[in-house]
Amino acid sequence: MTKENRTLYTLEERLAMAAKSQATSPEAAASMVQRLSRVHTAYFFCGSANAGIMEELTGEFWECLEGNLLHYGGFCHSFRMAIERDDDVLRTLSSGSLKLEPSDPYRPVWSVRTNNAFILLGLLLLDHAKGRMRYRNIYHCTRMSLKQYLDALVDLSFQGNGTLDGDRMEFFWIWRKTFLMDNDGTWSLREALGHILRRYIAAWQEFDHLDHILRCMGALSCHLEQDKRYLNPREYYFSLACEYPENVPDPDSDDTAPETLRSQIFLSERDYSPKVLRKLAEKSPSQDLRELLERNISEKGLAQAMGEINRAVMDLSILFVEPYLRMGEYHYERHLK
């Protein structure tokens, strides 16, 4: 339907168009990525609660960024500073694959605070992609297809002074090949974000389950120290320990309201090495709780779960932080001089 040379669409047609990629060409995709880089940070957070949580994680670097913190590309430098502070990972390129080798297979690839900051970043972007945060320059960017977005990153992020950065390109292309084995290039960025965060949550629950048991052990110890009287406190806390809630909401579901998960799915600072966990089990005030904890300590399972957490965090870093550092790298370095 047209009117005065304008095309008018029905509500159904507009909804169908909105559900599709907003990038009609490689140039349009690149333009959307550039606009995301320039988005005002206040629009990105859309609320003091989100900004407050992020400030607890990376805020110690914000003062150094000064004016650059005002836009998303500049804000990404707080992640780079956090990584440089606790860079505890050896990245190696071998046999055409990307390997992450943290010093301890039961610890996150970077500090817990840095890893949690990346998860919060992913949740914020997913809320924008779902249209709940109502800022179009982020929404439209996260609605394009994954392949369009990855191609745009190559065009915008790996060039310096007109020449390609060989090492960065090699690293990116190896990562891209691995990433697209588990993520369909035709997915929207929203779908890719949802997949990354679901994978992270499934791994995070392995550790949260242990935390749940340990919390029950601690509560029983506190109860016994205070000499409170229940008919059978050990049985009561053992029952609580066995009732771990595993129904964490799907972050990509339209039924999951914005800000539902946030710090709820952050990894704790606990040392999850099996040796340390078994020592804690030995101190349990309850034989049943000790045996329950020991049954849930799996060296292979914990190492695999932490590997999944680290992979999810690395994917978020390469997709939504590292490219934006390079887009504004010259401006940022000039500002510091």
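Under the 3.5 Å distance criterion, the side-chain polar atoms of Thr41 are matched with a main-chain donor or acceptor of Leu69.
Applying the salt bridge (charged side-chain N to carboxylate O under 4.0 Å, His left out) test to every pair with at least one member in residues 185-207, sequence neighbours left out, gives these pairs: Arg190-Asp252, Arg190-Asp254, Arg198-Asp250, Arg199-Glu308, Arg199-Asp315.
Under the 4.5 Å side-chain criterion, counting only non-hydrogen atoms from C-beta, Arg270 is not in contact with Phe207.
Scored by the side-chain contact (heavy atoms from CB on, under 4.5 Å) test, Ala303 finds Pro105, Tyr106 as partners (sequence neighbours excluded). Applying the side-chain hydrogen bond (donor to acceptor under 3.5 Å, both in side chains) rule to Thr186 yields the partners Asp184; only residues at least two apart in sequence or on another chain are considered. Applying the side-chain contact (heavy atoms from CB on, under 4.5 Å) criterion to Glu269, with sequence neighbours excluded, gives Val112, Arg113. Judged as a side-chain contact (heavy atoms from CB on, under 4.5 Å), and not counting sequence neighbours, the contacts of Arg215 are Asp208, Asp211, His212. In this structure, the side-chain contact (heavy atoms from CB on, under 4.5 Å) partners of Gln304, at least two apart in sequence or on a different chain, are Lys300.
The environment of Glu63 atom CD is sparse: at most 12 non-hydrogen atoms of other residues, nucleotides or ligands sit within 6.0 angstrom. More than 12 heavy-atom neighbours from other residues, nucleotides or ligands sit within 6.0 angstrom of CD on Gln264.
Relative orientation of the Phe75 and Phe45 rings is perpendicular, given thresholds of 30° and 60° on the angle between their planes. Ring planes of His40 and Tyr43: perpendicular class, angle over 60° (limits at 30 and 60°). Note: Phe79 and Phe118 have tilted aromatic rings, judged against thresholds of 30 and 60 degrees for the angle between ring planes.
Linking Ile, Leu, Val, Met, Phe, Trp and Tyr residues whenever their side-chain heavy atoms come within less than 4.5 Å places Leu289 and Leu280 in a single cluster.
Screening Ile83, Val313, Leu57, Thr58 for a side chain to side chain contact (heavy atoms under 4.5 Å, CB included) with Thr114, the sole residue that qualifies is Ile83.
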*Please lay out, stage by stage, how Arg85 and Ser111 fare under the test side chain to side chain contact (heavy atoms under 4.5 Å, CB included).*
CA-CA 9 Å; Arg85 174 197 61 189; Ser111 73; 3.5 Å; yes
*Stepwise, does the side chain to side chain contact (heavy atoms under 4.5 Å, CB included) test hold for Ile309 with Leu267?*
CA-CA 9 Å; Ile309 286 174; Leu267 194 66; 4.1 Å; yes
*Evaluate the criterion side chain to side chain contact (heavy atoms under 4.5 Å, CB included) for residue pair Leu150 and Leu180; output intermediate values, then yes/no.*
CA-CA 10 Å; Leu150 293 175; Leu180 288 177; 4.0 Å; yes
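Between Glu282 and Arg278, no side-chain nitrogen of the basic residue sits less than 4.0 Å from a carboxylate oxygen of the acidic one, so the salt-bridge criterion is not met. Ion pair Asp271/Lys279 not flagged as a salt bridge, since none of the NZ, NE, NH1 or NH2 atoms sits closer than 4.0 Å to an Asp/Glu carboxylate oxygen.
Between Phe320 and Tyr149, the ring center distance clears the sub-6.0 Å criterion.
Note: Leu325 CG to Arg80 CZ = 6.0 Å, rounded to the nearest 0.5 Å.
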